[in-house]
Amino acid sequence: MLFNVRERFTLSEQFLEQYKGRQPDWGPLGYITFKRTYARPIGENGRTEEYWETLRRVVEGCYTIQLNHCLNLKLPWKPEKAQRSAQEMFRLMWDFKFLPPGRGLWMMGTDYIYQRGSAALNNCAFVSTEEIDTDFAEPFCFLMDLSMLGTGVAFDTKGAGKVTICVPQVGEYTHVVEDSKEGWTDLIRVILNAYVGKARRPAHIDFGRIRPMGSPIRTFGGIAPGPAPLIECVNNIDKVLSRCAGQRITSSIITDLMNIIGKCVVSGGVRRTAELALGHPDDDEYLQLKDPVLHKEELMAWRWASNNSVIAREGMDYARAGGQTAKNGEPGYFWLDNARAYGRMKDGPTWADAKVAGTNPCAEQSLESYEICNLVETFPSRHATLEEYLRTLKFAYLYAKTVTLIPTHIERTNAIMLRNRRIGLSQSGIVESFERHGRRQHFRWCDEGYQYICKLDRIYSQWLCVPESIKKTSVKPSGTVSLLPGVTPGIHYPHSQYYYRTIRIDKTSPLIEPLRRAGYRIEESVYGDNTWVVYFPVKEKYFRRSKSEVSVWEQVENVAQIQYYWADNQVSATITFRPEEARDIPYILELYETRLKSISFLPLREHNYPQAPYQEITREVYEQSVSRLKPIDFEAINTDEAQDLYCDGDRCMVEVVLPTPEPEQQEVPFEEVAAPATEEVQN
């Protein structure tokens with residue numbers, strides 16, 4: 001057991017009685033998203049948690065960690081004060097003032113966290129390949145290990161040119177793959193090291209211990225994929241490396257290996273992962289990795305598995321990369337020196353975070369190599385006053401800081417995480433807050449809120465006897481978490497005032513019949529992926545303009561302002577642009593290079609592919625659709641389909657642009673891609 005639990009914290013039963021049998025103020029897709037994604041199974045009868053039960057598990061888990069941290073270090077603990085605090089945290093989450101990330105809703109309070117460590121509570125990670133000449137396989141295995149926990153992992157290509165690929169020597173032995181994530185990773189480690197002369201490739205690989213596809217994964221949740229994704233992964237590694245014998249490793253080989261592993265994880269279970277590649281802006285080979293004319297086969301095979309960005313530098317020429325971004329949205333940009341030098345831009349350069357080596361897949365967290373991050377999401381548009389929002393920030397901070405009290409299963413990661421205690425208090429519904437409170441008022445909330453968080457961190461770090469957090473705030477893209485209260489994700493503008501939001505649900509899901517009886521439009525997926533597509537009519541509450549009506553310049557300025565007043569880590573933003581604005585992108589990058597740490601772009605297109613996740617509709621269509629709906633029979637809905645748990649970001653999407661796309665090859669947001677993360681498949 002990685003975290004010694006001597007005593008469990010429990011919420012008052014009298015307090016919980018007032019929530020049993022009730023539902024919160026869900027957004028239009030809130031309850032279905034919760035049941036599909038975050039409600040854990042209870043008992044043997046197939047029932048899954050109701051929202052009050054999930055919050056009970058999350059809050060009791062959070063305070064159990066604090067309690068045992070204090071017990072193990074013999075620090076003061078006041079039970080009555082803790083009970084009052086825990087009840088307030090529960091109420092704030094019930095009222096959707098803030099929420100843990102999806103990973104927290106799914107895993108916090110489970111025995112898995114105490115036994116296996118906190119990696120499954122952390123959203124994202126970064127690993128550099130700069131040291132692959134010392135330990136070739138380690139960065140790839142780190143990505144695989146954390147990806148199988150649903151954690152998104154970014155990587156760089158700094159290892160290019162540092163090792164020579166060789167023909168593997170074969171050892172006369174059989175490698176037996178154990179039925180666990182460690183077993184899968186161990187096989188990939190051996191295969192990779194064989195290609196640099198640091199291991200012998202097994203003459204035979206025995207996959208017989210991997211349980212069959214469809215078997216339940218009891219410790220982590222989900223369904224086992226069987227051995228097929230791992231077998232394909234090994235074959236694809238061989239396909240890439242066997243033709244490179246005698247060559248120095250390149251940025252494309254590094255990216256391909258990471259993508260092959262990412263594809264294995266995506267194919268390997270019901271949770272997804274995310275990858276971000278960080279390359280050099282002058283590396284032509286890297287910039288052409290997703291060229292659909294030059295590399296169509298690799299693009300469709302595995303290169304779709306990562307978003308690709310470049311490590312930008314002040315003063316660089318943005319014409320080449322910016323011109324490519326204008327065509328298809330990639331590469332994105334990460335200013336490493338800015339991330340190292342600055343917290344909030346308002347506070348000037350301090351270089352307090354000088355060891356930063358990269359960022360996470362959605363680019364909202366500055367990270368050292370092998371560092372992980374945990375986030376928490378606040379909803380300022382659901383607050384009436386600054387004082388109310390500051391109170392929420394206290395408990396959002398307390399949740400995030402608590403996650404740092406548990407080590408992970410990776411020693412190298414612990415050495416960084418326990419020193420930095422990096423967290424990310426995020427905001428969603430920022431555009432809604434602009435409309436409700438005014439833009440200037442929102443930035444005032446950001447400024448005063450940040451100063452309050454710094455004060456809290458000094459107080460609570462002293463109480464817990466741990467270092468203050470090196471950085472504390474960010475803006476993540478959000479996605480499924482923001483669907484629970486029904487707010488706009490992160491800093492992004494709404495699709496339109498009225499639209500259909502489609503969700504794909506497996507044909508075997510018990511969610512389908514209650515939705516059908518309630519009158520929701522349901523169609524069979526045109527992609528033949530054994531899913532139904534459910535249409536949810538949505539009306540944006542605080543609406544003034546859609547994303548197609550806001551200029552690319554205004555969107556970038558919003559990011560710069562939030563980077564100035566709020567985020568000492570970063571702001572994850574995908575800036576949408578119209579065709580006539582594409583030529584402005586190199587100029588935007590040049591003008592904003594001293595005010596940003598990260599940014600990405602996505603062209604606005606009329607996709608015209610069927611069953612798109614967002615479909616604009618008229619007010620009349622919306623009202624007709626809503627008028628046909630009946631209350632959903634909550635008691636009839638029980639499911640264990642947990643998914644979408646990594647960065648919680650439908651903005652962390654992969655765009656595949658082909659010359660003449662077939663339906664299954666068209667641009668599909670990552671949210672709609674099959675979900676990854678097989679976890680240990682032992683009881």
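Contact detail for T64 and N68: the closest heavy-atom pair is O-ND2, 2.8 Å.
Partners of R56 according to the salt bridge (charged side-chain N to carboxylate O under 4.0 Å, His left out) rule, which considers only residues two or more places apart in sequence or in another chain, are E13, E60. In this structure, T255 has no side-chain hydrogen bond (donor to acceptor under 3.5 Å, both in side chains) partners at least two apart in sequence or on a different chain. Partners of D135 by side chain to side chain contact (heavy atoms under 4.5 Å, CB included), not counting sequence neighbours, listed by chain and number: E138. Take K198 and apply the side-chain hydrogen bond (donor to acceptor under 3.5 Å, both in side chains) test, not counting sequence neighbours, and it matches no residue. Shown here are the salt bridge (charged side-chain N to carboxylate O under 4.0 Å, His left out) partners of D111, two or more places apart in sequence or in another chain: R8. F3 meets the ring pair (Phe, Tyr, Trp, His ring centres under 6.0 Å) test with no other residue; sequence neighbours excluded. Under the rule for a ring pair (Phe, Tyr, Trp, His ring centres under 6.0 Å), the partners of F140 that lie at least two apart in sequence or sit in another chain are F136. For P202, the side chain to side chain contact (heavy atoms under 4.5 Å, CB included) partners are Y173, H175, V190, I191, I205, not counting sequence neighbours. With sequence neighbours left out, the side chain to side chain contact (heavy atoms under 4.5 Å, CB included) criterion links H204 to T174. With sequence neighbours excluded, the residues forming a side chain to side chain contact (heavy atoms under 4.5 Å, CB included) with E285 are T250, S251, S252, D283, listed by chain and number. Residues passing the ring pair (Phe, Tyr, Trp, His ring centres under 6.0 Å) test with F536, sequence neighbours excluded: Y520.
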Legend entry - Working for side chain to side chain contact (heavy atoms under 4.5 Å, CB included), residues Y195 and V167: CA-CA 6 Å; Y195 276 101; V167 176; over 6 Å; no
Inset, instruction - Kindly indicate, with the supporting measurements, whether the criterion salt bridge (charged side-chain N to carboxylate O under 4.0 Å, His left out) is fulfilled by K239 and E297. - result: CA-CA 13 Å; K239 185 176 181 179; E297 180 182 351; 3.1 Å; yes
Inset, instruction - Apply salt bridge (charged side-chain N to carboxylate O under 4.0 Å, His left out) to the pair R211 and D179, showing each step before the final yes or no. - result: CA-CA 7 Å; R211 69 173 60 184; D179 192 21; 3.6 Å; yes
Inset, instruction - Verify side-chain hydrogen bond (donor to acceptor under 3.5 Å, both in side chains) between H409 and N414, making sure each step is shown before the conclusion. - result: CA-CA 8 Å; H409 62 290; N414 292 336; over 6 Å; no
Inset, instruction - Go through the steps for F155 and F126 under the test ring-ring contact (aromatic ring centres under 6.0 Å, His included), then give the verdict. - result: CA-CA 6 Å; F155 60 91; F126 171 78; 8.4 Å; no
Inset, instruction - Could you walk me through whether D291 and R303 pass salt bridge (charged side-chain N to carboxylate O under 4.0 Å, His left out), step by step? - result: CA-CA 10 Å; D291 188 309; R303 286 185 180 172; over 6 Å; no
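The shortest distance between side-chain heavy atoms of V265 and L143 does not fall below 4.5 Å. I410 has its side chain within reach of L146: a pair of non-hydrogen atoms, C-beta onward, lies under 4.5 Å apart. Two residues are said to be in side-chain contact when any heavy atoms from C-beta on lie closer than 4.5 Å; T164 and V196 fail this criterion. No side-chain heavy atom of R103 sits less than 4.5 Å from a side-chain heavy atom of M108. Taking the side chain as every heavy atom from C-beta outward, W532 and E523 never approach each other to under 4.5 Å. Side-chain contact check for K263 versus C233: every heavy-atom pair is 4.5 Å or farther apart. You'll find the side chain of F9 stays beyond 4.5 Å of the side chain of C62, heavy atoms only. I65 has its side chain out of reach of V403: every pair of non-hydrogen atoms, C-beta onward, lies at least 4.5 Å apart.
S478 and E377 share a donor-acceptor pair across their side chains, judged by distance under 3.5 Å alone. Side chains of N122 and T151: no donor on one and acceptor on the other come within 3.5 Å. Inspection of the N259 and E275 side chains reveals an N or O donor paired with an N or O acceptor under 3.5 Å.
Other residues, nucleotides and ligands place more than 12 heavy atoms under 6.0 Å from the CZ atom of R516.
Here D206 contributes atom CG and E178 contributes atom CD; the two are 9.5 Å apart, rounded to the nearest 0.5 Å. Taken to the nearest 0.5 Å, the OG atom of S600 stands 12.0 Å off from the CG atom of N308. Distance check, rounded to the nearest 0.5 Å: CZ of R504 to NZ of K507 gives 12.0 Å. Here the CG-CD distance, from N235 to E232, works out to 7.5 Å after rounding to the nearest 0.5 Å. Annotation: the span from Y112 atom OH to L2 atom CG amounts to 10.0 Å, rounded to 0.5 Å. The CD1 atom of I261 sits 5.0 Å away from atom CD1 of I237, with the distance rounded to the nearest 0.5 Å.
Looking only at distances, no side-chain donor or acceptor of K181 sits under 3.5 Å from a matching main-chain atom of L149. Judged by distance alone, with hydrogens and angles left aside, the side-chain atoms of S509 form no donor-acceptor pair with the main-chain N or O of I505 at under 3.5 Å. Between the side chain of S426 and the backbone N or O of V376 there is no donor-acceptor pair closer than 3.5 Å. Remark: the backbone N or O of I260 is not paired with any side-chain donor or acceptor of N236 at under 3.5 angstrom. Side-chain atoms of N360 come within 3.5 Å of backbone atoms of Q365 as a donor-acceptor pair (strictly under, hydrogens ignored). In terms of modelled atom types and a separation under 3.5 Å, the side chain of D156 and the main chain of A277 share no donor-acceptor contact. A donor-acceptor pair is defined here as one N or O able to donate and one able to accept, closer than 3.5 Å; no such pair exists between the side chain of K290 and the backbone of E330. Distance alone, capped at 3.5 Å, is enough to place a donor-acceptor pair between the R248 side chain and the G161 backbone. Between the side chain of K35 and the backbone N or O of E49, at least one donor-acceptor pair lies under 3.5 Å. With hydrogens and angles disregarded, a donor-acceptor distance shorter than 3.5 Å links the side chain of K162 to the backbone of E130.
Seen from the ring of W106, R40 counts as a face-on cation partner, given the 6.0 Å and 45° thresholds. Annotation: cation-pi geometry not satisfied between R57 and W52 (NZ/CZ under 6.0 angstrom from ring centroid, within 45° of ring axis).
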Could you pull out all donor-acceptor pairs under 3.5 Å where a side-chain atom in residues 367-374 meets a protein atom, sequence neighbours excluded?
unit_1 : atom_1 : unit_2 : atom_2 : d
E368   : OE1    : R419   : NH2    : 3.2
E368   : OE2    : R419   : NH1    : 3.1
E368   : OE2    : N420   : ND2    : 2.9
S369   : OG     : S128   : N      : 2.9
E371   : OE1    : E368   : N      : 2.7
E371   : OE1    : R422   : NE     : 3.4
E371   : OE1    : R422   : NH2    : 3.2
E371   : OE2    : N420   : ND2    : 3.2
E371   : OE2    : R422   : NE     : 2.9
N374   : ND2    : A400   : O      : 3.4

